[in-house]
Structures are given as structure tokens and as C-alpha cells.
Amino acid sequence: MLLSGGLGAGKTTLVRGLVEALPGGDDAEVSSPSFNICNMYPTRPETAHYDLYRLEQARGAALAVADDALLDLLETEGPRRALVIVEWAERLPVDVLPPDRLELTWLPATHGRLITAFARGEAARRVLAATAREVADLVVPETAPRTAADTAMQAPSADDDRDPRDTRDTRDAQENT
């Protein structure tokens, strides 16, 4: 789960609620891991909570400081051994992002929170669809006009798995294959 948004947007608050809802979360003391980069919580599955705020702001600079454990968790294929949540995920380069992930972005809002949610990969789509059904009264369809007080949850179509932050030109790759 990749979280992006300004200071005080509510990223850590979301993590706290999620961790407390998981089995074992009652024993977790959730706080922002801004200074130590990672907190591990005794949930089932175990939760790895990363905060990349203190790392260099240039895209990719986080790799120079992020520990190998984060990269190992992001590269894991198949079922994960931990729930991985990364705050300030926009500081990670696109090429290390797992293909199956949820991306939540907090946007400026006059009242409440405005969040866009994108699912990448089939498992992430299922999680986002199930979540959207549970909070249907908070979901604004992608085509509806939005106001600052709305909360939007969106999933790209099944044939649109390209990360919008990925600026590589796919025409070159298609021509060479």
C-alpha cells in the first residue's frame, strides 16, 4: 500500500486505523516512523510501516537510504509475508514498485479528506472493489464531478496497469519486441 500526501493529510491516521483493525493490532502502538524510517507491528499478517519523509525528495533518492528490507518486501512475488505500507511513496522510483499494489493519494480539500485510490494488479483491484462496496456512500465514481468535500476512490480499467508516474516511452519497448 503506497500512500502519498502532504504533511498532516492523515496518512499515519489511516495506518493506525488499519493496524488496530487487524488481528494483533490491539498490542500495536502505531506512530509515524519518520525518524527511524520503519516500524513493525505485531499484527497478522505482520505490518511493515515505512515513512520516507526524511529521505531526499528527488525521485529515486530514497533508494540510497532505504534499507534492503524494504526493497525485499517490495520485490516479493506472490503472497506477501507482511503488509507493507509506505508513506511518502512518491519518493520511490517507479521501477521498484510492486506490480500488485494500492496507491492512495490525499488531495487538498476544504473540509474532510479527498483521497484517490488506484489499484494495480488483480489482487489490489479485488481489495479496492471490496472496500468501495463497504463505504459506498463515500465513493465518487471516476466520471462524476468532484468537490473538495468528496472522497474519491478510483480503480483504473483492467487494461490500464501502466503507472501514470512512469514517463518511459512504451513505443520504444513495443518497437523493439
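- Tracing side-chain contacts under 4.5 Å through hydrophobic residues (I, L, V, M, F, W, Y), one reaches Val96 starting from Ile37; they form part of the same cluster.
- Arg113 CZ to Leu104 CG: the interatomic distance, rounded to the nearest 0.5 Å, is 13.5 Å.
- For the side-chain contact (heavy atoms from CB on, under 4.5 Å) test, residues two or more places apart in sequence or in another chain that qualify with Thr43 are Val19, Leu22, Tyr41, Thr47.
- Every side chain to side chain donor-acceptor pair (under 3.5 Å) that Thr12 has, sequence neighbours left out, goes to Glu87.
- With Trp106 as the fixed residue, the side chain to side chain contact (heavy atoms under 4.5 Å, CB included) test singles out one of Leu114, Leu3, Thr116: Leu3.
- Remark: the backbone N or O of Tyr53 is paired with a side-chain donor or acceptor of Arg91 at under 3.5 angstrom.
- Using a 4.0 Å cut-off between charged side-chain N and carboxylate O, Glu103 and Arg101 make a salt bridge.
- Annotation: side chain of Arg16 is in contact with side chain of Thr13 (closest heavy-atom distance under 4.5 Å).
- By the 4.5 Å heavy-atom criterion applied to side chains, Val30 and Leu18 are not counted as neighbours.
- Closest of all the heavy-atom pairs between Trp88 and Gly5 is CH2-O, 3.4 Å.
- Across Leu2 and Ala89, no two heavy atoms sit closer than the pair CB-CB, 3.5 Å.
- Contact between Asp100 and Ala124 at its shortest, heavy atoms only, is OD1-N, 3.1 Å.
- Here the CG atom belonging to Leu97 is positioned 11.0 Å from the CD atom belonging to Glu90, to the nearest 0.5 angstrom.
- A donor-acceptor contact shorter than 3.5 Å links the side chain of Lys11 to the backbone of Gly6.
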Item to check | Audit row: Cys38, Met40, side-chain contact (heavy atoms from CB on, under 4.5 Å) steps and yes/no | outcome: CA-CA 7 Å; Cys38 179; Met40 298 296 291; 3.8 Å; yes

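- In this structure a side-chain-to-backbone donor-acceptor pair under 3.5 Å is missing from Asp51 to Ser32.
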